[in-house]
Amino acid sequence: MSSLKITSAFKLPSGYELPRLGFGVYQTPVEDTARCVTEAFQAGYRHIDSAAGYRNEGPCGEAIRAASSIPRESIFFTSKVPPQKMGYEGTKSQIAESLAESGLEYIDLMLIHAPYGGSANRKGSWKALVEAVEAGKLRSIGVSNYGVQHLDELEKHIAELEKERGGKGKGGVISVGQWEIHPYLPRNDIVEWCAKRGIAVEAYCPLVQGKRWGEPAVKKAAEKYGKSEAQILIRWSLDKGLIPLPKSVTSQRIRDNADVFDFELTPEEVKEIETDEYTVIAWDPTVIPLDQ
């Protein structure tokens, strides 16, 4: 049996709790999003991962507001600031737009979607996020697709903002980082950086977009546990201490992807499934230089 449950959560540096399994809506068509999110709630998910760039914050908010049997504070909703809104003013306007679009009183987590725009714009975006937390518009903040060089720079920006804004804590706290992570792109340098600081690591593309079915170690575990390869990959993320964000528009798969809490992989199996590959399926802004 698994020590984790679908209700298990990660205590963030912000003090809030992040459900350990998320439901992603990247590339989910607007007309399907509310149904998919509602079905995710019915399957037990309480964590929805969207972004301004996905253009479906509205139907996500609609499904959250319609879920009258679930208290709002039990649902964790994420959005992201797109690259074209990087900088202080752009990020401020994006927060306002995301609140209006979703129809929610607050957003649980706002991430900087990617580290594009140069150092000054990254600092400006972070400052806008910090102010929005203080104003009660956001509860937790973080970054997505940052390389270790961007994370180190962000720590410097936080220290600078503490001096500029009046002391400890005034620079904000990194609660969550999100990356493409799976056995063929484990990103252990980034995972370790976050682990040392108690930062939650979310894994998008945990199913490798279906491009690696049939890998021997995954297939072997699927046969042993009577699970699908998709369920094994989601469980691999969970057993690595990550927060996977599987996505689907198919009702049965939405349910199946949540049915991963009645078994767990052994440490040996987790290791056996992981590779030393660096195979990017989506995009990889982690490698961009600091001046871009």
_Flag for Y45-N257: side-chain donor and acceptor within less than 3.5 Å_ =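 On atom types as modelled, these side chains do not qualify, holding no pair under 3.5 Å.
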
*Tell me, which pairs form a salt bridge (Lys or Arg N to Asp or Glu O under 4.0 Å) where one or both residues lie in residues 74-95, sequence neighbours left out?*
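Residue pairs passing salt bridge (Lys or Arg N to Asp or Glu O under 4.0 Å), neighbours aside: D49-K80, K85-E97.
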
*Among residues two or more places apart or on two chains, list those pairs meeting salt bridge (Lys or Arg N to Asp or Glu O under 4.0 Å) that have a residue in residues 60-71.*
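The answer is none; no pair qualifies.
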
Please determine whether a side-chain nitrogen of the Lys or Arg among [X] and [Y] lies less than 4.0 Å from a carboxylate oxygen of the Asp or Glu.
X    : Y    : value
K224 : E269 : yes
D259 : R235 : no
E134 : R165 : yes
K220 : E229 : no

_My understanding is that only residues two or more places apart in sequence, or in another chain, count here; which of them pass salt bridge (charged side-chain N to carboxylate O under 4.0 Å, His left out) with E39?_
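Partners of E39 by the salt bridge (charged side-chain N to carboxylate O under 4.0 Å, His left out) criterion, ordered by chain and then number, come out as R35.
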
*Could you state whether L138 and V143 fall into the same hydrophobic cluster, counting links through intermediate Ile, Leu, Val, Met, Phe, Trp or Tyr residues with side-chain heavy atoms under 4.5 angstrom apart?*
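Same cluster: L138 reaches V143 through Ile, Leu, Val, Met, Phe, Trp or Tyr contacts under 4.5 Å.
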
*asked:* Can you list everything that forms a side-chain contact (heavy atoms from CB on, under 4.5 Å) with R197? Sequence neighbours excluded, please.
replied: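 E155, W193, I199.
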
_Those residues that, when tested against E268, pass side-chain contact (heavy atoms from CB on, under 4.5 Å) (two or more places apart)_ =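 By the side-chain contact (heavy atoms from CB on, under 4.5 Å) rule, E268 matches T266.
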
_Distance to the ring centre below 6.0 angstrom and angle to the axis at most 45 degrees; does that hold for K137 and Y106?_
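Checked: cation-pi criterion not met.
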
Using distance only, find each side-chain donor-acceptor pair of residues 112-119 under 3.5 Å and give its atom names and separation, not counting sequence neighbours.
residue, atom, partner, partner atom, Å
S119, OG, E153, OE2, 2.9
S119, OG, H157, NE2, 3.2

*For the residue pair H150 and L290, what are the closest heavy atoms and their distance?*
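So the two residues come closest at CD2-CD2, 3.6 Å.
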
*asked:* Is there a salt bridge (Lys or Arg N to Asp or Glu O under 4.0 Å) between D284 and R187? Walk through the geometry before answering.
replied: CA-CA 11 Å; D284 195 13; R187 297 198 188 279; 2.9 Å; yes

